[in-house]
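What follows is a single structure, written as structure tokens, with notes after it.
Not measured: the values here are computed from a predicted model.
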Amino acid sequence: MQTVLLRSLLAFLLVILSLSTAQAQDSRDTRYLDGTYEVWASPDEAARPIGKLLVAAPLQVVSQTGDWVEVSLEGWTQTGAERVLYAAPGIRVLRAALAKSATDQLQFSESITDPDTDLIWTRTALTGWLKAPVLQPSLQDIWDRAEPLFGERCTACHQRRIADHYTANQWTSHLKVMGPRTGLPKDDQFLIRAYLQHHAKDAARLFNTP
């Protein structure tokens with residue numbers, strides 16, 4: 001009886017260990033895009049890009065050819081607006097904006113209905129190529145660049161806003177108005193927006209999607 005119990009306990013521990021190892025591997029494999037980059041269907045700069053991937057997008061590196069890096073990205077698309085990938089259903093945290101022709105390369109899986117809006121959202125994956133991207137091992141590496149930029153440029157006209165006083169969607173609306181007033185390039189405005197949205201009142205939903 002004791003032998004059976006010991007074997008069962010050992011099997012259980014091995015399962016836990018394998019799950020922990022897999023989770024650690026997944027964490028190591030994820031890289032975060034430090035900047036906004038055009039994405040191609042193939043590693044050919046003579047071809048037209050199929051869209052853009054936005055700063056802080058979590059990527060899996062698939063392969064590499066010279067300066068070209070093949071990556072995969074997961075997000076959520078709204079039915080009827082599949083050209084835009086968001087971080088979570090109902091939250092307008094942008095991960096990718098694609099050309100109309102690029103939707104053929106998307107892979108769709110399960111769908112859910114947002115109970116607040118009745119909109120249908122579908123888990124969506126994209127694989128594409130980036131030219132010499134800067135990829136960071138953690139989001140904090142990106143926020144270390146965003147925090148001082150936000151502090152310097154977003155307090156000139158008013159008191160510093162507190163990130164978690166607003167939802168991610170509210171930050172999208174605020175920055176449509178305030179972003180151009182900073183005088184910053186679009187890429188830096190995207191960086192500040194991503195930083196504020198990932199620290200917003202409802203930011204936990206970005207990391208706990210269904």
Side-chain angles (χ1 to χ4, degrees), residues 20 22-39 49 51-64 66-76 84-88 91-97 126 128-209:
S20 299
Q23 289 172 349
Q25 183 66 40
D26 287 344
S27 177
R28 285 196 300 270
D29 287 345
T30 300
R31 295 292 181 267
Y32 299 91
L33 191 60
D34 195 348
T36 297
Y37 287 83
E38 291 182 321
V39 58
K52 287 186 176 182
L53 302 190
L54 277 292
V55 64
L59 306 175
Q60 301 289 321
V61 175
V62 178
S63 65
Q64 186 164 358
D67 289 340
W68 289 93
V69 180
E70 185 183 19
V71 298
S72 64
L73 167 69
E74 268 204 359
W76 291 83
V84 183
L85 274 71
Y86 295 98
I91 302 183
R92 307 289 174 169
V93 177
L94 195 60
R95 285 186 174 172
L126 169 71
W129 291 84
L130 305 177
K131 181 70 180 291
V134 177
L135 302 175
Q136 300 290 4
S138 74
L139 281 172
Q140 189 56 49
D141 293 302
I142 298 174
W143 304 154
D144 287 344
R145 189 162 64 86
E147 286 170 339
L149 196 60
F150 171 60
E152 292 167 8
R153 291 301 187 99
C154 296
T155 57
C157 304
H158 51 72
Q159 286 186 325
R160 180 167 179 159
R161 304 291 175 89
I162 307 301
D164 62 7
H165 284 189
Y166 304 92
T167 66
N169 287 348
Q170 285 173 332
W171 275 122
T172 298
S173 298
H174 292 329
L175 291 171
K176 279 183 180 178
V177 176
M178 296 190 295
R181 296 178 184 174
T182 64
L184 290 169
K186 280 285 187 182
D187 282 2
D188 286 340
Q189 293 181 43
F190 291 153
L191 173 62
I192 291 173
R193 183 180 68 186
Y195 166 72
L196 292 171
Q197 289 182 316
H198 280 79
H199 293 81
K201 185 188 301 185
D202 55 351
R205 290 177 60 190
L206 303 178
F207 306 100
N208 295 290
T209 54

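Across all non-hydrogen atoms, the minimal contact from A168 to A200 is N-CB, 3.5 Å. A88 approaches W76 most closely through the heavy-atom pair CA-CD1, 3.7 Å. Nearest heavy atom pair, residue V55 against residue F190, reads CG1-O, 3.7 Å. Here the closest heavy-atom approach between residue R92 and residue N169 is recorded as N-OD1, 2.7 Å. Y37 approaches V134 most closely through the heavy-atom pair OH-N, 3.1 Å.
Listed for the E147 side chain is no donor-acceptor partner under 3.5 Å among the backbone atoms of L149. Formation of a donor-acceptor pair under 3.5 Å by the E38 side chain with backbone atoms of K131 is not found in this model. Remark: side-chain polar atoms of D187 are not paired, donor with acceptor, to backbone N or O of G35 under 3.5 angstrom.
Summarising the geometry, atom OH belonging to Y166 is positioned 9.0 Å from atom NZ belonging to K201; distances are rounded to the nearest 0.5 Å. To the nearest 0.5 Å, atom CD1 of residue I192 and atom CH2 of residue W171 are 10.0 Å apart. If you take OG1 on T172 and CD on Q197, they are separated by 4.0 Å, rounding to the nearest 0.5 Å.
Not counting sequence neighbours, the partners of W143 by the ring pair (Phe, Tyr, Trp, His ring centres under 6.0 Å) test are Y195, H198, H199. Take S72 and apply the side chain to side chain donor-acceptor pair (under 3.5 Å) test, not counting sequence neighbours, and it matches no residue.
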Let me see the working for T36 and L54 under side-chain contact (heavy atoms from CB on, under 4.5 Å), right down to the final yes or no.
CA-CA 5 Å; T36 297; L54 277 292; 3.7 Å; yes
Decide yes or no on side-chain contact (heavy atoms from CB on, under 4.5 Å) for D29 and V61, but give the supporting numbers first.
CA-CA 7 Å; D29 287 345; V61 175; over 6 Å; no
For L33 and L130, what are the C-alpha separation, side-chain angles and deciding distance, and is it a side-chain contact (heavy atoms from CB on, under 4.5 Å)?
CA-CA 10 Å; L33 191 60; L130 305 177; 3.9 Å; yes
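Between the side chains of D141 and S138, a donor-acceptor pair is found at a separation under 3.5 Å.
In this structure, the side chains of L53 and V71 come closer than 4.5 Å at one or more pairs of heavy atoms. Contact annotation: the side chain of I142 approaches that of L191 to within less than 4.5 Å [non-hydrogen atoms, C-beta and beyond]. Looking at V39 and K52, their side chains never come closer than 4.5 Å, going by heavy atoms from C-beta outward. Contact check for D188 versus R145: side-chain heavy atoms found under the 4.5 Å cut-off. Between W129 and S63, the closest side-chain pair of non-hydrogen atoms falls below 4.5 Å. The closest side-chain heavy-atom distance from L135 to Y32 is not below 4.5 Å. Side-chain atoms of P58 and E74, non-hydrogen and from C-beta on, never get closer than 4.5 Å to each other.
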